[in-house]
> 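Got a structure here, written out as structure tokens. Questions coming.
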Amino acid sequence: GEPLYGYYYSRDEWVIRKHMELLSNANIAFLYFDVTNSFTYTHVAKTVMKVCHELNEQGFDAPEVVFYTNSGSENAVRQIYDEIYKQNLYPDTWFYVDGKPVIVAQEKDNIDDFFTIKLPQWPTENNKRNSWPWIDFKWPQYVYKNKEGVGEAISVSVAQHSGNIVFSSSGLYGDKSN
């Protein structure tokens, strides 16, 4: 079906503003930018961050952002760092833990210890400490713990692929082949 605001491109600033207003009103703390396949979408991320910054200036409590890497994590972290964090673009939109912006990546990919690292947790991997889930197939959902063993993340997925898509077979039918 047609989206509420009609058909649009992901970089459409008007639609981004409407979505961020709704997410602000719903008290969403932060959003993941899913860059797990090494494409960072920084042009869109910058627009989202600009809109969130403007909403913050208008008195909203706009969601903050976290980049979630996986494949090619080292290159993705470097590109995101160079194009956004090193440029100090909209730091009021960065989600912070322990006084640093959070990025989901491998520990070895941290640039000059700039980030608070959370490890990527794939649904087909054994649970890791200090990881945040991309999606979770477990029921009841697992509470992911930080380095100290304190629970801090849980995946509540509202949807997943249907039909013959590989991950739908895992989540719905227990397929372990992927």
> Considering all heavy atoms of both residues, which atom of A45 and which atom of F67 are nearest to each other, and what is their separation?
CB-CZ, 3.8 Å

> Locate the shortest heavy-atom distance separating K147 from R129; write the atom from each residue and the value.
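For K147 and R129, the tightest heavy-atom pair comes out as O-NH1, 3.8 Å.
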
> Under 4.0 Å between a side-chain nitrogen and a carboxylate oxygen: does that hold for E107 and K128?
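No, this pair does not count.
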
> Sequence neighbours left out, what passes ring-ring contact (aromatic ring centres under 6.0 Å, His included) with Y85? Give chain and number order.
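Residues passing ring-ring contact (aromatic ring centres under 6.0 Å, His included) with Y85: W94, F114, F115.
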
> What closest approach, in Å, do L23 and P63 show between heavy atoms, and which atom pair accounts for it?
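Between these two residues, the closest heavy atoms are CB-CG, 3.7 Å.
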
> What about Y68 and V44, same hydrophobic cluster or not, with Ile/Leu/Val/Met/Phe/Trp/Tyr joined at side-chain heavy-atom distances under 4.5 Å?
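Unlinked, Y68 and V44 end up in two clusters.
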
> Determine whether the side chains of S73 and Q106 contain a donor N or O and an acceptor N or O closer than 3.5 Å.
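Side-chain D/A pair, S73 to Q106: absent.
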
> Compare all side-chain heavy atoms of N130 with those of K118 and state whether any distance is below 4.5 angstrom.
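Yes, close enough: below the 4.5 Å cut-off.
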
> Are the aromatic rings of Y8 and W14 close, with centres under 6.0 Å apart?
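Not under 6.0 Å, so no.
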
> Salt bridge (charged side-chain N to carboxylate O under 4.0 Å, His left out): which pairs involve residues 56-79, sequence neighbours left out?
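Of all non-adjacent pairs touching residues 56-79, those that pass salt bridge (charged side-chain N to carboxylate O under 4.0 Å, His left out) are R78-D82.
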
> Supply the atom-to-atom distance N126 CG to Q121 CD, rounded to the nearest 0.5 angstrom.
8.0 Å

> Evaluate the ring planes of H43 and F39, with Trp represented by its six-membered ring, and classify them as parallel (under 30°), tilted (30 to 60°) or perpendicular (over 60°).
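Ring orientation of H43 relative to F39: perpendicular.
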
> Would V15 and Y7 show up in the same hydrophobic cluster when neighbours are defined by side-chain heavy atoms closer than 4.5 Å?
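No, because V15 and Y7 fall into different hydrophobic clusters, even though each may have its own neighbours under 4.5 Å.
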
> Please determine which of I154, L119, N146, V104 meets the side chain to side chain contact (heavy atoms under 4.5 Å, CB included) test together with W132.
V104

> Taking C52's backbone N and O only, do any of them form a donor-acceptor pair with Y90's side chain (distance below 3.5 Å, no angle check)?
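Looks like no, no N/O pair under 3.5 Å.
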
> Looking only at heavy atoms, which two atoms of P120 and A105 are closest? And how far apart?
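Shortest heavy-atom contact: CD-O, 3.5 Å.
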
> Once rounded to the nearest 0.5 Å, what's the spacing between atom NZ of K86 and atom CG of D112?
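Rounded to the nearest 0.5 Å, the NZ-CG separation comes out at 9.5 Å.
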
> Is there a chain of hydrophobic side chains (I, L, V, M, F, W, Y, each step under 4.5 Å between heavy atoms) that links I117 to Y81?
yes

> Looking only at non-hydrogen atoms, find the nearest pair between P123 and W134 and report the distance.
CD-CE3, 4.2 Å

> Hey, quick one: are L55 and F33 part of the same hydrophobic cluster, counting side-chain heavy atoms closer than 4.5 Å, chains of contacts allowed?
yes

> Carefully, step by step, assess E21 and R17 under the rule salt bridge (Lys or Arg N to Asp or Glu O under 4.0 Å).
CA-CA 6 Å; E21 287 173 359; R17 184 170 310 282; 5.4 Å; no

> Applying the side-chain hydrogen bond (donor to acceptor under 3.5 Å, both in side chains) criterion to D136, which one of Y142, Y144, W122 satisfies it?
Y144

> Write down the atom of V66, the atom of I103, and the distance for their closest heavy-atom approach.
CG1-CA, 4.4 Å

> To the nearest 0.5 Å, tell me how far L31 CG sits from M49 CE.
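Reported value, rounded in 0.5 Å steps: 11.0 Å.
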
> Hey, is CG on N25 packed in by over 12 heavy atoms from elsewhere, all under 6.0 Å?
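Count over threshold, so yes.
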
> Strictly distance-based, threshold 3.5 Å: is any side-chain N or O of T116 a donor or acceptor partner for the main-chain N or O of V97?
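Yes, the answer is positive, given that a donor and an acceptor are paired below the 3.5 Å cut-off.
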
> Within this structure, what is the NZ-CG distance for the pair K18 and L4, rounded to the nearest 0.5 Å?
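The CG atom of L4 is 10.0 Å from NZ of K18, to the nearest 0.5 Å.
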
> Check whether any side-chain N or O of T36 sits under 3.5 Å from a backbone N or O of N70 as a donor-acceptor pair, and report yes or no.
no

> Quick check for you: to the nearest 0.5 Å, what is the distance between F95 atom CZ and K100 atom NZ?
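Nearest 0.5 Å value for the CZ-NZ distance: 15.5 Å.
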
> Drop me the distance from H53's NE2 to D92's CG, to the nearest 0.5 angstrom.
5.5 Å

> Between Y5 and D12, is the side chain to side chain contact (heavy atoms under 4.5 Å, CB included) condition met? List the steps.
CA-CA 11 Å; Y5 301 121; D12 185 316; over 6 Å; no

> Applying salt bridge (charged side-chain N to carboxylate O under 4.0 Å, His left out), which residue pairs with at least one partner in residues 37-49 are found, sequence neighbours left out?
none

> Hydrophobic cluster membership, with links at side-chain heavy-atom distances under 4.5 Å among I/L/V/M/F/W/Y: are I80 and V65 in one?
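The answer is yes; both residues are in one hydrophobic cluster.
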
